[in-house]
Amino acid sequence: MSETTPKIALRSQNLKKHFGAIKAVDDVNFTLEEGTLHSIIGPNGAGKTTFFNCLTGKFPITEGKIFFEGKEIQNIPTYKLVRLGVCRSFQILNIFKKLTVVENVRIAIQARHPQRFNPFTKIDRKTSEEAEQILERIGLESFKNSVSQELSHGDQRLLEIGITIATAPKVLLLDEPAAGLSKQELQKLIPVINELRKTMSIVLIEHDIDMVLSLSDIISVMSFGKIIAEGCPEEIQNNEKVRKAYLGD
Amino acid sequence: MNLGTSITKKNAAFRVGAVIIGIFAFIMLPTLFKSIGSTMFLATEIFIFAIFALGFNLLLGFTGIISFGHAAWFGLSSYAAALFQRHVTPDSTLIPLLFGILFTTLIGALVGKLIIKTRGIYFAYVTIAFSQLVLFIIIRWTKLTNGENGLGGIERKPLFKFIDIVPEFNYYIFVVIVFILVFILLNIIIKSPFGRVLQAIRENRTRAIFIGYNVRSYELTSYILSVFFTSVAGVLDLFLLKYAFPESMATTMSGEVIIMTLVGGMHNLTGPVLGAIIITFLKDFISSFTDRWMIFLGGIFVLFVMVFPEGIMGFFGKWGGNNPFKSLLPKRDKESES
């Protein structure tokens, strides 16, 4: 991008995750440069989500190292990782269904505040205002008092992202944010992601190939737990290995 | 629209009304009870169980953790207070009472620290195991606890040397005051940031971890608070009965508090109180003509689980509209949709 070497936000080094004999993630070296949107694509079962689970401490890793801003993070528990600034969204919807939309976001903001463990205070107004700002960013401000399970699937997806960014991440991991969305709903999602990339580095797992090609700075392709190709969108489109992995020959 | 402020203003008038009616109800209740052939004793017992159910429900209804052994803490606090009055401060009620609460909360914290790692049904098993452990220590340690006969000779000494709580009505009022304090305290807790996090953990534990909460320490704190409120109920029960029984920590007692909470409804504070009133009253009523009252209680339990899984308060909530309890239920503001 510029003359100075780009800063590295998140990096995995020889990362392995084995479930018995199955090598779900096999020797993955992955580098996320600061300020980029880096997509990971690959056929079903390639190990993309498992890779995310390793990065965020959901699974203990079998081997290898993970670095965030130069620090080793593979042994840090998930909740501390989130406070450092690595946060993910989920492939399967993972919101607080019975709470209101604004409450969903507010809970996530509050996780950063020192008052979070205090059982004898009220929720301060600043947190509520911050929550409303985030709802505006994701375009859900008009639903703020709805119970979140009553939202449409597309809006629940947006809320999922809203909860994730409410933790103020430096690195945002999005796991198939477009899963199950209609064309129309996709049109709401893309500007949101475009807005977010201005303030944070993003890793995106996605199946919608048009979306990936139009959004990404760099694309990595995973197959059977390994990264088989990496490059800018055009390079990936013309890569022989990638075609093989997707089309089977 | 500022959240919070507008909602509180809307309900302010209702709240004041509810408080006035409430105070009247508390004073009138024993009189009412006597008129239908019941006793002041039962009225007091109802509020003790209401405290027990509220404490238990902080864990079940607001954190989503089920304990099948909470009676252990209820009983243990009564024994701790009883022993303290018999051996250390025979002239005081308040000190044994506080000691019972403190001691039980401490033991509860230690046990909680050990068992909070287990989840779901395994947690339930472990709580049963620990409650049995406590029960058998109490039964077998006959030198100290007088075994299955229980500990008698407990007396209600004046509070602060001048407030006489020996008459039944005075003790009733004392219990009601403690109940109101517990209710207010829990109301503050569940509305605090901490309380919101507990409810978020109940709704989606994984997500709570992934937005940066150390979920286990919240669960442990909730458990300890729950033991604390349960022990408050336990020591009050001791001074009502003036006797500590091993039955107070039996598994059936743990079951009863679960039934109270489920019947009343577990997603708000009014539910467990309502449940405590109904079940304590029914138990007294049914056991006056048969010893097999557990059958009826079991029937009620099954009925509620199958037909009203959200309890009485949840039932009212579903039929929202113009029901008088609506403002006590979780708010669902539909105005801003559309």
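Hydrogens, waters and symmetry mates play no part in the numbers below; they use all other heavy atoms, side chains included. Here the structure is a predicted model, which means the values were calculated and not measured. The chains referred to below are lettered A, B, ... by the order of the sequence lines, with proteins before strands, and numbering in each begins at 1.
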Original post:
Are A/E103 and B/R196 close enough, and set up right, to give a salt bridge (charged side-chain N to carboxylate O under 4.0 Å, His left out), and what steps lead you there?
Top reply: CA-CA 9 Å; A/E103 188 77 351; B/R196 307 286 173 142; 2.9 Å; yes
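- Side-chain atoms of B/Y213 do not come within 3.5 Å of backbone N or O of A/A108 as any donor-acceptor pair.
- Side-chain contact check for B/I211 versus A/F96: some heavy-atom pair is nearer than 4.5 Å.
- By number of non-hydrogen pairs under 4.5 angstrom with chain A, the leading residue of B/L225, B/I188, B/V215, B/N214 is B/N214.
- Neither the backbone nor the side chain of A/I109 has a heavy atom closer than 4.5 Å to any heavy atom of chain B.
- With a threshold of 4.5 angstrom between heavy atoms, B/S217 approaches chain A through its backbone and through its side chain.
- For A/F19, the CZ atom is densely surrounded, since the number of other residues' heavy atoms within 6.0 Å is greater than 12.
- By number of non-hydrogen pairs under 4.5 angstrom with chain A, the leading residue of B/R202, B/Q199, B/E203 is B/E203.
- Separation of atoms CD1 (B/I209) and NZ (A/K58) is listed at 9.0 Å; rounding is to 0.5 Å.
- Among B/N204, B/T206, B/I190, the residue making the largest number of heavy-atom pairs under 4.5 Å with chain A is B/N204.
- Cation-pi check for A/R88 over B/F210 is met; the charged atom lies under 6.0 angstrom from the ring centroid and within 45 degrees of its normal.
- The environment of A/I22 atom CD1 is sparse: at most 12 non-hydrogen atoms of other residues, nucleotides or ligands sit within 6.0 angstrom.
- Between chain B and the options A/I107, A/L81, A/T78, A/T56, heavy-atom pairs under 4.5 Å are most frequent for A/I107.
- Neither the backbone nor the side chain of A/T127 comes within contact range of chain B; no heavy atom of the residue lies under 4.5 Å from a heavy atom of that chain.
- Contacts of B/L185 with chain A are made by side-chain atoms alone, with heavy-atom separations under 4.5 Å and no backbone atom involved.
- No option in A/I95, A/T164, A/N104 other than A/T164 meets the side-chain contact (heavy atoms from CB on, under 4.5 Å) test with B/R207.
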